[in-house]
**Student:** 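Below you'll find the structure I mean.
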Amino acid sequence: MAEGEGPARYDPEAVEAKWQRRWAERHAFAARVEPGRRPYYVLEMFPYPSGDIHMGHVRNYSIGDVIARQRRMQGDSVLHPIGWDAFGLPAENAAIQNGQPPAIWTRGNIDRMRAQFKRLGISYDWDRELATCEPRYYRWEQLFFLRMLARDLAYKKLSLVNWCPHCATVLANEQVEEGRCWRCESEVTERELEQWFFRITAYADELLRDLDRLSGWPERVRTMQRNWIGRSVGAEIRFPLEGRDERLAVFTTRPDTLFGVTFMSLAPEHPLVPALVAGTPAERAVAELAARVRATRSGGKEGVPTGAFCRHPFTGARIPIWVANFVLMEYGTGAIMAVPAHDQRDFELARAHGLPIRVVVQPEGERLDPDHMEAAWEGPGRLVDSGEFTGLESEVAKERIAAALAAGGQGGPTVSYRLRDWGVSRQRYWGAPIPIVYCDACGMVPVPESDLPVVLPEDVALTGTGGSPLAAHAAFVNTRCPRCGGPARRETDTLDTFVDSSWYFARYLAPRDDATVPFDAREVGYWLGEGGVHRYIGGIEHAVLHLLYARFLTKVLRDLGFLPLDEPFQNLLTQGMVIKDGAKMSKSKGNVVDPDYLIERYGADTARLFSLFAAPPEKDLEWSDQGVEGMSRFLHRLWRLVHGIGPRLAPPGAAVPASPGGVDLELHRLTHRTIARVTVDVVERLHFNTAIAAVMELVTGIADAAPKAAPAVVREAVDTTLRLLAPFVPHVASELWEASGHTAPLDAERWPVADPAALVREVVEMPVQVNGRLRGRVTVPADASEADVVAAALADPQVQAHVGGRALRKRVVVRGRLVSLVV
RNA sequence: GCGAGAGUGGCGGAACUGGCAGACGCACGAGACUUAGGAUCUCGCGGGCAACCGUGGGGGUUCGAGUCCCCCCUCUCGCACCA
C-alpha cells in the first residue's frame, strides 16, 4: 500500500500522542507492592534540570525503559521512577544572567524536561516524581545530617580546601580534575576555611571490601573505586626528635628498609616545619620552597635541609630532617623516611644533594653498590646491614620490623588510605541548608529535629558578587538559639549537591503521609530488599563521584537505622557517550543533535530505536543521520506490512496447526527462534542492538512468507513481532497491536515464551572441513550417529575430491555444528 | 609510570561457553515500478580472474583460533611524586 493513502499512513506524531494519553489515563506504570510478583527496581541516574534533554538523555532513558517494559511484560512488579537533581550552580548562574530566581528557573526547566520525557514515552511512575530542591525532600537530608553529627560522622574543621575562584566555592577532592574545577575548568587554588566534612574514611575499608561483592558492576568501575580509596598496608614509624620531647611520625609501605634511612622528608605544609626552622638560617630557604610548591605542583625533586635532626628508632643514629617538594601533606602523615637506595624519589634527591645512600636490600643474584647505582632498587630481596634483621627476606622483614616497632612503642603495622573525608560545605545559595545555628553564648548548636526543615528562602536577589545571598538574607540568617533562646545566626553554607543524589534512589519509596519517616518500610523491603536497585543505568563519568558517595551514604543510613541495606545498586550498566564526528556532543563544538527536532521529524519511536540499535549500551554511540533514516524506514515497513497483510492474517487467538509443514513450519520456527534470541539479548546480555536485528529478520521473514503461509501462523509471527518490539517502540507497536484486531492494550500483554518443540530441528546442515579447511556441507538428521554423519560427509563430491581416497587419520563430529576430517 | 578496556568490510556493528567471519543497519552498485523519485520493491556488495588470502603485527596450542597462551604495536579511559 502506498503512503499518503488515508488512515493507513504511519503518522508517528498522532500515534504517539494517542498512546501517551492512554497510558497517563490508566496510570499504566504505577508501581505497587504485590507480594505474589517478583519485584524489579530499574533506575536511570536522574537528570540535572538544565532545561533541555540531549541525546545522552534519550539513550540513557531509552535503555532503562526497555528494561522496565520488558520486565513488566515478564510479570514482574516494576518500579521505574524519575526525579530531578535540582540544586546546583547553573541555576545561580542563570539567575545572575537573566534575573530569574533559581527556584523559578529550575521549576520551569523541570516542566519543560518533564514534557520531553513524556513525549519520549518513557514508562515512569509519575506519581513518585521528586525534586531535590523541595523542602519535603531535603528536610530528610537535614535530619540525616543531624544524626551523622551526633555520631561524629559529620564534623567541622579548619582545613586547607580546594577553592574554585570562578564558582566561588569549595570543591571536594573528587571534583578537582588535573588541578581544575570539574565544572568550569578554572584553576583550583587552596584556601583555609572552616568546613563541614562527612567521615567517609571511617567506611574506607567496608567500601573497598564490598566492591568484591558487586559482581554486577563493570570491573572498570570497581577498579576505579579501588584506586580512589587507595589502601596501602605498611607501618607507622615514630622517630624521636632531637632536642624536643616529640616524635616525627611517618607512614611507609617498606618498613623492611628502615635501616637504609639516611634522611627524613617533610611536606612543606607539615605543621612541624615552622617550629623546626623558626629563627634558624634554614627558615628562609624552606619558606621559598613552600612558596614554589604552592605555585606549581609538578617538576623535579627539590629539597632543603631544616637543620634539625631526629634519631633512628633502632640504631639511635642521627638523621637530618629535610623539606621536600614531592611529599604530600594529604597522604600518610605528611612526612616520609627517605631511603635513597630503595625509593627512586629519595634516590634522586640524595644524588642531587650528595646525601648518603645505604643499601639494605640485596636482590637475588645481584650485588648493589651504592656508588654505582643508577636507580633505586625497589624490588624484593634479602636484608643486609640491618642489625638483627639481616638475612631475612624483605617480605618477612616487613612484618618482623613492624612488630618490633610496636613492641618498643615506636610505631607498628598500619593501613593508610588515599581517600580523604568528603568536604560537603558549599558557599553557595542554591542547595540544602545545613541545619546549624551559631550562638554567641552557646557556640555551634544543631537545629532541633522538630524544627526541620530549615527552609531555603526563595526570594533572594542574586548579583554574582559579595558572596552567598543567604548571608544577606536577614530573615534567614537571624534566628534564636535553640538552646538559650538568645540571638543567633544560621549557617549559610549549603550541602554539596552530591549529598542530594546519594540517597534519592530510596526516596522514591516515600511513605504516602510523609510525616515521620523518610522511607516506607514495606516498599523498601520489597524493592530494595534483594540487595538494592536491581539495575542502575548511567554514564561512566560518575564511576567515582556519585557512585562512591551513594555507596557511602547507604552504609551510613543503614547504621543510622534508616535503611536495611549494605549497597544501593546491585547491577550497574554504564552507558557510553553519544558522539558525533568523533567528539562528544557539546554546544561549544556545534555538533549537537536536538532530540526535539528528531522527535518532530521522525517520532519518539525512531529516536528510541536508533539510540538502542546503533551500538551496544556500554559503548560510545556514533551519531548517524542516515542511521536514523534507516530506523524510520523499518518502522514504516512494519506499518505497511501489518496494514497490508489483509486476509493473510488470522483473527487474534487463532491456533497454529498442531504440526505445521513447509512455509508454515519455517515461519513458526523463525518466530520461536527470534523469541529465544531476543529474550537472551534483552534480559541477560543487555545487547539491544542484536535484539532489534533479530526482530528485523523476523519481519523480513514474515513479509516473505505471508503470501503463502497459513493465516494462523502469520498471526503468531506478527503478534510475536509486536510483543518483542513493545519495549523498544511502544507507541507504534501498541497502535499496530490494536489495528490488527486486539482489544486489550499491548503493554498489559505477556512477554512471549519460546516453544522448545519449535526450536529443535529434525535435520541440520553441517559444514565439512577436510584438514581444517571448509570443503563442503551436508544435511543430515539431527539425531544422526557419528558414523552416519561421516559417511554423509564422505559422500559429498567436494569432500571426496579433497579426501581423494586417503585414509582418515582423525574425525571430529560436533553435533549440529560441524564435521572435521583429517587425512 | 600504575590500572582498566579496545583494535573485525567504505562506516556503525554481529559472531553466547574455540566450530560456516562479516548477522542487522548505513553507504554504494544494478534492475523494477514511474512524468519524476531523495518514495517503494528485487538482486548484488571483504580482497583476488583464479587457486587462494583475509579479524593490529609476530609466534604457539588445536582437527579447527576473531575467540585460548606468549611477545610486540596502536588507540581510548581512569589514577598519577600515594612514601
Side-chain angles (χ1 to χ4, degrees), chain A residues 1-4 177-178 218-228 230-232 234 250-254 257 265 267 297-301 324-328 330-339 342-346 348-349 378 416-419 540-541 543-544 576-577 579 609-610 613-616 618-631 633-634 636-637 640 677 680-681 684-685 687 689-697 699-700 703 765-777 808-823:
Chain A
M1 193 177 299
E3 269 194 88
E177 296 167 352
E178 291 179 14
E219 189 52 46
R220 187 148 80 111
V221 175
R222 294 199 281 170
T223 306
M224 280 164 74
Q225 292 209 356
R226 249 178 230 122
N227 293 343
W228 190 264
R231 182 178 197 264
S232 298
V250 304
F251 171 75
T252 179
T253 55
R254 295 294 305 272
T257 64
S265 293
R297 250 306 177 191
S298 57
K301 307 287 173 286
N325 67 340
F326 60 87
V327 180
L328 305 172
E330 310 89 72
Y331 186 74
T333 63
I336 61 168
M337 61 177 207
V339 185
H342 304 296
D343 182 286
Q344 185 58 26
R345 294 155 302 181
D346 300 339
E348 287 172 32
L349 194 63
E378 296 182 338
S416 188
Y417 297 91
R418 208 190 78 107
L419 185 70
I540 187 81
E541 66 272 19
V544 174
M577 292 185 303
I579 305 278
L609 196 62
F610 175 73
F613 178 75
E618 56 303 341
K619 291 188 71 167
D620 286 348
L621 185 159
E622 174 72 35
W623 183 262
S624 157
D625 291 322
Q626 284 124 345
V628 175
E629 293 272 359
M631 294 304 104
R633 273 204 288 272
F634 169 69
H636 276 98
R637 189 156 64 237
R640 284 193 307 271
R677 282 173 68 186
V680 169
D681 281 349
E684 286 165 33
R685 306 205 312 146
H687 277 199
N689 53 335
T690 47
I692 293 165
V695 179
M696 286 173 166
E697 288 182 63
V699 169
T700 304
E765 192 190 62
M766 288 164 68
V768 182
Q769 289 181 354
V770 180
N771 287 347
R773 309 187 87 102
L774 185 68
R775 295 304 184 190
R777 50 192 73 232
L808 291 185
R809 259 193 26 223
K810 187 162 184 173
R811 57 192 78 187
V812 180
V813 176
V814 184
R815 277 232 150 170
R817 279 288 187 185
L818 145 154
V819 188
S820 185
L821 306 173
V822 186
V823 297

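Letters A, B, ... mirror the listed sequences (proteins, then strands); counts begin at 1. Values reported hereafter were calculated over all heavy atoms of this structure, with side chains retained and with hydrogens, waters and symmetry mates removed.
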**Student:** Could you work out the separation of rG66(B) and rG9(B) based on their P atoms and round it to a whole Å?
**Tutor:** 14 Å
**Student:** Quickly work out the D620(A) CG to rA6(B) P distance and round it to whole Å.
**Tutor:** 14 Å
**Student:** Under 4.0 Å from OP1 or OP2 of rC41(B): is there any side-chain N or O of R640(A) that close?
**Tutor:** yes
**Student:** Please list, chain by chain and in numerical order, all residues satisfying salt bridge (Lys or Arg N to Asp or Glu O under 4.0 Å) with R775(A), sequence neighbours excluded.
**Tutor:** none
**Student:** Given pairs defined as Watson-Crick or G-U wobble with both distances under 3.5 Å, what dot-bracket annotation applies to RNA chain B, with ( ) intrastrand, [ ] crossing, | other strand and . unpaired?
**Tutor:** (((((((..(((......[....))).(((((.......))))).((....))..(((((..]....))))))))))))....
**Student:** What interatomic distance, in whole Å, is found between P of rU42(B) and the corresponding atom of rC24(B)?
**Tutor:** 13 Å
**Student:** Side chain to side chain contact (heavy atoms under 4.5 Å, CB included) with Q344(A): which residues, sequence neighbours excluded?
**Tutor:** F347(A), E348(A), A375(A), A376(A), E378(A)
**Student:** How is P218(A) classified with respect to the nucleic acid when contacts are heavy atoms under 4.0 Å: base, sugar-phosphate, or nothing?
**Tutor:** nothing
**Student:** Calculate the interatomic distance between K619(A) atom NZ and rC75(B) atom P; express it in whole Å.
**Tutor:** 18 Å
**Student:** Can you check the L328(A) CG to rA83(B) C1' distance for me, whole Å?
**Tutor:** 9 Å
**Student:** Report each atom pair, protein N/O against N/O of nucleotides 53-56 of chain B, whose distance is under 3.5 angstrom.
**Tutor:**
residue	atom	partner	partner atom	Å
rC53(B)	OP1	R773(A)	NH2	3.3
rC53(B)	OP2	R773(A)	NH2	2.1

**Student:** Using salt bridge (Lys or Arg N to Asp or Glu O under 4.0 Å) as the criterion, list what pairs up with R685(A), not counting sequence neighbours.
**Tutor:** D681(A)
**Student:** If you measure from OG1 on T252(A) to CE on M337(A), what distance do you get to the nearest 0.5 Å?
**Tutor:** 4.0 Å
**Student:** What is the distance, to the nearest angstrom, from the CZ atom on R418(A) to the P atom on rG78(B)?
**Tutor:** 14 Å
**Student:** Rounding to an integer number of Å, can you tell me how far I540(A) CD1 sits from rG5(B) C1'?
**Tutor:** 10 Å
**Student:** Using atom C1' of each nucleotide, how far apart are rA39(B) and rG46(B) to the nearest Å?
**Tutor:** 31 Å
**Student:** Salt bridge (Lys or Arg N to Asp or Glu O under 4.0 Å) with R231(A): which residues, sequence neighbours excluded?
**Tutor:** D205(A)
**Student:** Show each protein N/O and nucleotides 25-29 of chain B N/O combination with a separation under 3.5 Å, one pair to a line.
**Tutor:**
residue	atom	partner	partner atom	Å
rC26(B)	OP1	R633(A)	NE	3.2
rC26(B)	OP1	R633(A)	NH2	2.8
rA27(B)	OP2	R633(A)	NH2	3.3

**Student:** In whole Å, measure the gap between the C1' atoms of rG7(B) and rA21(B) for me.
**Tutor:** 16 Å
**Student:** Residues in side chain to side chain contact (heavy atoms under 4.5 Å, CB included) with R222(A), at least two apart?
**Tutor:** L211(A), L214(A), W217(A), E219(A), R226(A)
**Student:** Measure from CZ on F326(A) to C1' on rA83(B) and round the result to the nearest Å.
**Tutor:** 8 Å
**Student:** Are V812(A) and Q769(A) packed together at the side-chain level, in the sense that at least one heavy-atom pair is separated by less than 4.5 angstrom?
**Tutor:** no
**Student:** Can you list everything that forms a side chain to side chain contact (heavy atoms under 4.5 Å, CB included) with S232(A)? Sequence neighbours excluded, please.
**Tutor:** F251(A), T253(A), Y331(A)
**Student:** Starting from the C-alpha separation in whole Å, work towards a yes-or-no answer on salt bridge (Lys or Arg N to Asp or Glu O under 4.0 Å) for E618(A) and R220(A).
**Tutor:** CA-CA 12 Å; E618(A) 56 303 341; R220(A) 187 148 80 111; over 6 Å; no
**Student:** Look for any protein N or O under 3.5 Å of an N or O in nucleotides 15-18 of chain B and output each such pair with its distance, or none.
**Tutor:**
residue	atom	partner	partner atom	Å
rA15(B)	OP1	R685(A)	NH1	3.3
rA15(B)	OP1	R685(A)	NH2	2.5
rC16(B)	N4	R817(A)	NH2	3.0

**Student:** Considering only atom P, compute the distance from rC16(B) to rG60(B) and round it to an integer number of Å.
**Tutor:** 26 Å
**Student:** Can rG37(B) be described as syn, meaning its chi torsion is within 90° of 0, or is it anti?
**Tutor:** anti
**Student:** Among residues at least two apart in sequence or on other chains, which ones pass salt bridge (Lys or Arg N to Asp or Glu O under 4.0 Å) with R254(A)?
**Tutor:** D256(A)
**Student:** With a 4.0 Å limit, can you tell me whether R677(A) has a side-chain N or O closer than that to the phosphate oxygens OP1/OP2 of rC24(B)?
**Tutor:** no
**Student:** To the nearest Å, how far apart are E378(A) CD and rC82(B) C1'?
**Tutor:** 13 Å
**Student:** Measure the spacing between CD of E629(A) and CZ of F610(A) and express it to the nearest 0.5 Å.
**Tutor:** 11.0 Å
**Student:** Say you draw a straight line from CZ of R637(A) to OG1 of T700(A); how long is it, rounded to the nearest 0.5 Å?
**Tutor:** 6.0 Å
**Student:** Enumerate the protein-to-nucleotides 62-65 of chain B contacts in which both atoms are nitrogen or oxygen and the separation is below 3.5 Å.
**Tutor:**
residue	atom	partner	partner atom	Å
rC63(B)	OP1	K810(A)	NZ	2.7
rC63(B)	O2	S820(A)	OG	2.5

**Student:** Mind checking if R775(A) touches a base, just sugar-phosphate, or nothing, with heavy atoms under 4.0 Å?
**Tutor:** sugar-phosphate
**Student:** Distance between the C1' atoms of rA32(B) and rG25(B), in whole angstroms?
**Tutor:** 23 Å
**Student:** Rounded to the nearest Å, what distance is computed from the CG atom of residue N227(A) to the C1' atom of nucleotide rA80(B)?
**Tutor:** 10 Å
